[in-house]
Number of protein chains: 2
Amino acid sequence: MPRRIDTHERKEQLAEAVWRVIRDKGIGAVSVRTVAAEAGVAVGSLRHVFPTRTELVEFSARLMVRRATERLAATARTGDARRDAVAILRHLIPLEPDSRAELEVNLALIAEAPATPELVPIRDEAYRALLGLCAHLVASLAPDLDETRLATEARRLHALVDGVALHLLTDPDTADTDWAVECLRDEVDRLAGSRPR
Amino acid sequence: MPRRIDTHERKEQLAEAVWRVIRDKGIGAVSVRTVAAEAGVAVGSLRHVFPTRTELVEFSARLMVRRATERLAATARTGDARRDAVAILRHLIPLEPDSRAELEVNLALIAEAPATPELVPIRDEAYRALLGLCAHLVASLAPDLDETRLATEARRLHALVDGVALHLLTDPDTADTDWAVECLRDEVDRLAGSRPR
DNA sequence: GCCAAACTAGCACGATCGTGCTAGTTTGGT
DNA sequence: ACCAAACTAGCACGATCGTGCTAGTTTGGC
């Protein structure tokens with residue numbers, strides 16, 4: 001048969017072009033033409049891989065979730081619950097370009113969900129995964145909590161980390177980011193410190 | 001001269017049409033045509049009031065911020081710092097249709113900011129106003145904090161309330177909202193309880 | 001060498017977009 | 001009564017959009 005069928009590499013390359021367009025011009029500028037131009041390919045080539053625009057956006061969203069998950073899974077575990085928790089939480093807020101891009105894409109997708117219903121299950125899946133991770137962190141920090149309080153604290157941590165992330169993303173004073181880490185470290189200490197409460 | 005120049009009422013009517021379109025179809029569906037149709041007027045009439053699309057969106061954003069500010073200012077003060085703080089924070093999360101719509105519009109504007117730079121100062125202004133409100137609440141709950149800790153706690157409260165709001169907005173299980181209020185009440189108690197820390 | 005399948009490139013169509021522009025329609029002051 | 005200003009309504013233009021479609025171009029198995 002013809003050339004190798006390594007569509008995967010091409011798909012990822014196009015998805016990254018989608019992210020760049022979102023990052024630079026906003027989600028409203030994502031079209032098959034702009035993405036193809038950003039990726040340096042013709043529209044026809046793009047549409048050979050992604051026949052419709054929806055499939056392009058959908059794959060880009062899924063890949064973003066997958067990348068974030070992989071990055072989280074790759075963070076080293078030292079065994080110290082507090083240190084590990086802070087290390088993981090640091091990966092959830094936009095401190096580096098890639099995590100920042102991920103969050104910007106995520107936000108854009110949330111805002112575009114009414115127009116593209118296919119994105120809703122992806123957003124919900126990411127939401128639940130992050131909540132589950134927060135629950136895991138809380139459980140490792142304060143293992144003696146009963147189930148209802150664990151759920152409450154997990155939701156609280158989830159809200160705090162997403163709020164911090166959102167503010168870091170749009171803060172007019174982009175210079176200082178220490179407060180964000182400090183804020184998360186305080187929460188970790190609070191959870192670990194008051195074991196039985 | 002001709003008819004009365006009560007452009008204001010018309011402008012607000014059109015801005016509310018913008019909000020409905022954002023709410024139903026997403027920010028991407030906001031065009032002079034869709035908004036005019038939603039408001040039940042002709043495109044020409046809309047463009048007599050808002051010559052360009054940017055002015056339409058800009059006014060809608062500003063009006064949303066103003067409405068939210070008014071709603072916050074209208075919350076009754078009982079003198080009990082904790083009770084008042086919870087009452088104000090309740091107005092910042094999407095528990096009722098109007099505050100929910102405000103948040104959806106706000107989120108859409110954040111996502112569209114790269115495409116419409118005129119929205120950036122509006123978003124920053126709203127950000128700073130909300131941060132200032134949080135600082136005010138923290139100061140009334142824990143008046144003995146030094147300045148740096150007050151700033152830290154204000155940012156933390158700001159992040160928490162925005163995170164809770166974001167999650168309430170997109171939570172797959174829209175049924176229970178009690179955890180959100182409980183979460184904010186816990187934070188208020190924590191701030192008021194550990195006065196000097 | 002060769003050919004079918006994978007891939008690239010691009011044209012064309014209808015729809016929608018923002019906006020400049022002009023023509024009707026109301027309406028309040030005189 | 002009347003007219004100028006405020007307002008309503010809509011046409012037209014170029015740009016961009018998603019997508020159906022058809023040609024070229026590569027390329028691996030025979």
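Chain A is the first sequence line, chain B the second, and so forth, proteins listed ahead of strands; every chain is numbered from 1.
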Table please: side-chain donor-acceptor pairs of residues 41-51 of chain A below 3.5 Å, with sequence neighbours left out.
from  : atom 1 : to    : atom 2 : distance (Å)
A:R47 : NH1    : A:P51 : O      : 3.0

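- Across the protein-nucleic acid pair, A:Q13 atom CD and C:dT8 atom P stand 9 Å apart, rounded to whole Å.
- Ion pairing between a basic and an acidic side chain is recognised when a charged N comes within 4.0 Å of a carboxylate O; B:R66 and B:E12 show such pairing.
- Remark: B:A42, B:G44, B:S45, B:H48 in residues 32-59 of chain B come within less than 4.0 Å of DNA chain D through at least one heavy atom.
- Among residue pairs with one or both ends in residues 136-162 of chain B, those qualifying as ring pair (Phe, Tyr, Trp, His ring centres under 6.0 Å) are A:H167-B:H158, B:Y127-B:H158; sequence neighbours excluded.
- Listed by chain and number, the hydrophobic cluster partners of A:V120 come to none, as no ILVMFWY side chain reaches under 4.5 Å of it.
- Residues satisfying the side-chain hydrogen bond (donor to acceptor under 3.5 Å, both in side chains) test with A:N106, not counting sequence neighbours, are none.
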Enumerate, atom names and distances included, each donor-acceptor pair closer than 3.5 Å involving a side-chain atom of residues 18-29 of chain A, sequence neighbours excluded.
from  : atom 1 : to     : atom 2 : distance (Å)
A:W19 : NE1    : A:S60  : O      : 3.4
A:R20 : NE     : A:E38  : OE2    : 2.6
A:R23 : NH1    : A:E104 : OE1    : 3.0

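- B:E147 meets the side-chain hydrogen bond (donor to acceptor under 3.5 Å, both in side chains) test with no other residue; sequence neighbours excluded.
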How does DNA chain D look in dot-bracket notation if pairs are Watson-Crick or G-U with both distances under 3.5 Å, crossing ones as [ ], other-strand ones as |?
||||||||||||||||||||||||||||||
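- Residue pairs meeting the salt bridge (charged side-chain N to carboxylate O under 4.0 Å, His left out) criterion with at least one partner in residues 106-119 of chain A, sequence neighbours excluded, are absent.
- C:dC17 atom P lies 10 Å from atom NZ of B:K25, rounded to whole Å.
- In this model, the phosphate group of D:dC17 is approached by a side-chain N or O of A:S31 to a distance below 4.0 Å at OP1 or OP2.
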